[in-house]
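In what follows, every chain begins at residue 1, and chains take the letters A, B, ... in the order their sequences are listed.
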Amino acid sequence: MIDLKLLQKDFDATAASLIRKNVDSELINSLKTLSETLKSTKLVYESAQAAQNERSRLFGQYKKEGKNTDELKVEVDAAKAQLVDLLEAQRMAEEALEAIAMRVPNLPDSDVPDGEDENDNIELRKVLTPPTFNFTPKEHWELAEQNGWIDFERGVKLAKSRFSVVSGMGARLERALINFMLDFNRERGFMEVSVPMLVNRRALEGTGQLPKFEDDLFKVDGEELFLIPTAEVPLTNLYADEILNATELPIKMTGYTSCFRKEAGSGGRDVRGMIRQHQFHKVELVSITRADQSDAIFEEMVACASDLLLALELPHRLVTLCTGDLGFGAARTIDLEVWLPGQNTYREISSVSNTRDFQARRAKIRYKEEGKNILAHTLNGSSLAVGRTMVAIMENFQQEDGSIIMPAVLQKYL
RNA sequence: GGACAGCUGGCCGAGUGGUCGAAGGCGCACGCCUGGAACGCGUGUAAAGGGCAACCUUUCUAGGGUUCGAAUCCCUAGCUGUCCGCCA
C-alpha cells in the first residue's frame with residue numbers, strides 16, 4: 001500500500017507518480033478525498049469518545065462519593081447512542097478507503113523510465129554472446145520430446161492443458177538445477193528456507209496478489225487457502241506483523257517451491273512447450289532490509305541471478321522495466337532475459353524487484369531503530385525459473401543430432 | 001475428526017469489573033564500572049492513528065453481547081497446546 005500521508009501532504013507529486021503507472025486520476029482523487037474524510041471522521045469520533053470517557057470516570061467517582069447518578073446516566077445514555085453512529089461512520093470511511101487503497105499499485109522510483117509496455121523497456125547490458133549454429137536450431141519442445149525429457153500429453157491427461165511431465169535425464173536436470181541454484185545463492189549469503197506452498201488470504205494481501213488478482217490464483221475448495229504463485233509470498237510474509245531489530249537486517253533468503261498460476265489473461269500465448277505452465281518450479285530470492293539498504297541489496301540480487309546464468313554459460317541481457325511494464329508492487333524492476341536460439345529471441349527468466357515499503361506497509365514488517373518503528377523494505381527476485389532454465393539449456397546447448405550437452409557446473413549435480 | 005486447556009507488550013509472564021496500557025523478568029538502548037569486555041549498578045523501553053506541542057483516541061487473538069464502565073463476565077469464530085483417533 002502506498003503512503004497515504006504522502007498523498008495528503010504532497011498530492012501533486014504523488015498523483016503524478018501514480019499516473020506514470022497508469023492509475024486513473026479519478027481514482028487518485030477519490031483516494032485523497034477518502035483518506036481526508038476518514039481523518040476528519042476520526043477526529044469527531046475521538047473527541048466524542050474522550051467526552052464520554054470523562055463522563056464514565058465521573059460516574060465512578062459519584063458512586064464512590066454516594067452522589068446521585070440519575071442525571072449523569074441520562075447524559076451518558078444520550079451520548080452513547082450518538083457514539084454508535086459516529087463509530088459506524090468511521091468504520092464505513094475506513095472500509096471505503098481500504099477498498100480502494102489496497103488496489104492502488106506502488107509508486108515507481110523517480111528514475112524508472114516512462115513507457116507503455118515491454119517495448120519501452122531499456123536494455124542495460126548483454127552478458128555472453130549468443131551461440132551460432134551451422135544448422136537450424138530447434139525449439140525446446142522438439143528437443144524435449146526427442147530426448148524423452150518432457151511429456152506434454154500425459155501432463156494434460158493427469159491434470160489439464162499447461163501441465164507436463166518431466167522424466168529421465170530431464171527430471172535429473174531439473175533436480176540438479178534446483179540444487180545448484182540453492183547452493184549458489186547460499187554461497188552469496190542467502191539463507192535457505194523451505195516454506196508452505198499453500199497460504200492464506202492475509203499472506204497474499206501482504207505481498208499484493210490480493211485483493212486485485214484473485215483470478216490468477218488457484219484456490220483450495222472449502223478452505224481459505226491458495227496455491228502460491230511464487231515463493232515471494234511465503235518468504236516475504238515470514239516476517240509479517242513483526243518488529244525486527246535493525247541489527248538483524250538485512251535478512252536474505254532463498255527458497256525453492258513449486259509455483260501455481262492460472263495464467264488467466266495470457267490468452268493463447270506460449271501454449272506450446274514449457275514456457276508458460278500452470279505449475280512450475282522456481283528458486284526465489286527474498287530480502288528484508290532497512291530502508292537505507294535496499295538499493296545495495298537490489299544490486300546484489302540482480303548480480304546473483306545474472307552470475308547464475310553466467311555460471312550456466314547462458315547468454316542473457318538485463319532490462320530495466322519501464323513504468324507501464326512494472327508489476328503492481330514494484331518500485332523498480334530489472335528483468336533478466338535469456339537467449340533462446342530456437343525462438344531467436346530473449347525471453348524473461350528472472351525478475352528482480354524492489355518494492356520498498358509497499359509490501360511492508362501491508363504486511364506490517366517493521367524494524368526498530370533508535371526507539372522508532374520503521375517500515376522495512378522488501379525485495380524479491382527469481383533465481384531462476386527452473387523450467388525456463390531447462391528450456392534455455394536445451395536450446396543453447398543443442399547439437400545437430402538433437403542431443404544436448406550439459407553445462408559444466410552441473411556435472412557434480414547430475 | 002473428538003475431549004480438555006489456553007491466547008496479555010520484541011519475548012516470557014502477573015493481573016477476575018473503575019485507581020490498568022497493564023507488576024515482574026528477559027531482551028534492547030544509554031550511562032556508570034573496566035586497559036577493553038563479561039558481571040554488577042542506574043535510567044529508559046508496547047503498538048497504531050491524530051496534533052507543533054501539551055495531550056487525545058484506539059488496541060490485552062478477532063467479532064458480537066452484558067455494564068455508566070471490560071484484559072477481567074457471557075456468546076461465537078480462529079489459532080495454539082495436550083490426550084485420543086487417523087496418517088506420510
Given that both distances must come in under 3.5 Å, which nucleotide forms a Watson-Crick or G-U wobble pair with [N]?
N	value
B/A71	none
B/A14	none
B/A22	none
B/C4	B/G81
B/A54	none
B/G36	none
B/A88	none
B/U76	B/A62

Interatomic distance where [atom1] belongs to [X] and [atom2] belongs to [N] [whole Å]:
X	N	atom1	atom2	result
A/Gln52	B/U67	CD	P	14 Å
A/Glu71	B/C68	CD	P	17 Å
A/Asp241	B/G10	CG	P	11 Å
A/Leu4	B/G49	CG	P	11 Å
A/Leu86	B/G50	CG	P	19 Å
A/Asn373	B/G9	CG	C1'	12 Å
A/Leu72	B/G18	CG	P	18 Å
A/Lys80	B/G69	NZ	C1'	9 Å

(message) Ignoring hydrogens and geometry beyond distance, is a side-chain donor-acceptor pair present between A/Gln277 and A/Ser164 at under 3.5 Å?
(response) yes

(message) Hydrogens and angles aside, do A/Ser35 and A/Gln8 bring a side-chain donor and acceptor to less than 3.5 Å of each other?
(response)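 Present: a donor and an acceptor within the cut-off.
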
For [X], answer base if it contacts any base atom (sugar-phosphate contacts may also be present), sugar-phosphate if it contacts only those atoms, and nothing otherwise; contact means non-hydrogen atoms under 4.0 Å.
X	answer
A/Arg55	nothing
A/Arg91	sugar-phosphate
A/Lys364	nothing

(message) How long is the straight-line distance from NZ of A/Lys80 back to OG of A/Ser56, given to the nearest 0.5 Å?
(response) 9.0 Å

(request) Supply the atom-to-atom distance A/Arg201 CZ to A/Phe226 CZ, rounded to the nearest 0.5 angstrom. (result) 4.0 Å

Inspect the surroundings of [atom1] in [X] and state if more than 12 heavy atoms from other residues, nucleotides or ligands are less than 6.0 Å away.
X	atom1	result
A/Glu71	CD	no
A/Glu224	CD	yes
A/Glu116	CD	no

Are [X] and [N] close enough that a side-chain N or O sits under 4.0 Å from OP1 or OP2?
X	N	answer
A/Lys42	B/G50	no
A/Asn245	B/C28	no
A/Lys368	B/G27	no

Give me the distance, rounded to whole Å, that separates [N] from [M] when you measure between the [atom1] atoms they each carry.
N	M	atom1	result
B/C73	B/C60	C1'	16 Å
B/A23	B/G15	P	14 Å
B/G21	B/C56	C1'	15 Å
B/C55	B/A70	P	24 Å
B/A29	B/A46	C1'	15 Å
B/U59	B/U72	C1'	16 Å
B/G27	B/A38	P	12 Å
B/C4	B/G40	P	46 Å

(request) Identify, between A/Val76 and A/Arg366, the residue whose nearest nucleotide on RNA chain B lies closer to the 5' end. (result)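 Upstream on the strand: A/Arg366.
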
(message) Here's a test of your reading of the structure: between A/Thr247 and A/Leu43, which maps to the more 5' nucleotide of RNA chain B?
(response) A/Thr247

(message) Between A/Asp335 and A/Glu337 (side chain of the first, backbone of the second, donor and acceptor by atom type, cut-off under 3.5 Å), is there such a pair?
(response) no

(message) Tell me which pairs pass salt bridge (charged side-chain N to carboxylate O under 4.0 Å, His left out) where either residue lies in residues 7-22 of chain A, with sequence neighbours left out.
(response) A/Arg20-A/Asp114

(message) Protein within reach of the bases, or only the backbone? For nucleotides 53-59 of chain B, mark each nucleotide 5' to 3' as B, S or -, using heavy atoms under 4.0 Å.
(response) ---SBS-

(message) Measuring from the side chain of A/Ile243 (C-beta onward, heavy atoms only), which nucleotide among B/C68, B/G51, B/A47 has the closest atom?
(response) B/A47

(request) Start with the C-alpha distance between A/Arg202 and A/Asp241, add both sets of side-chain angles, then the distance that settles salt bridge (charged side-chain N to carboxylate O under 4.0 Å, His left out), and finish with yes or no. (result) CA-CA 11 Å; A/Arg202 197 174 156 67; A/Asp241 278 317; 2.3 Å; yes

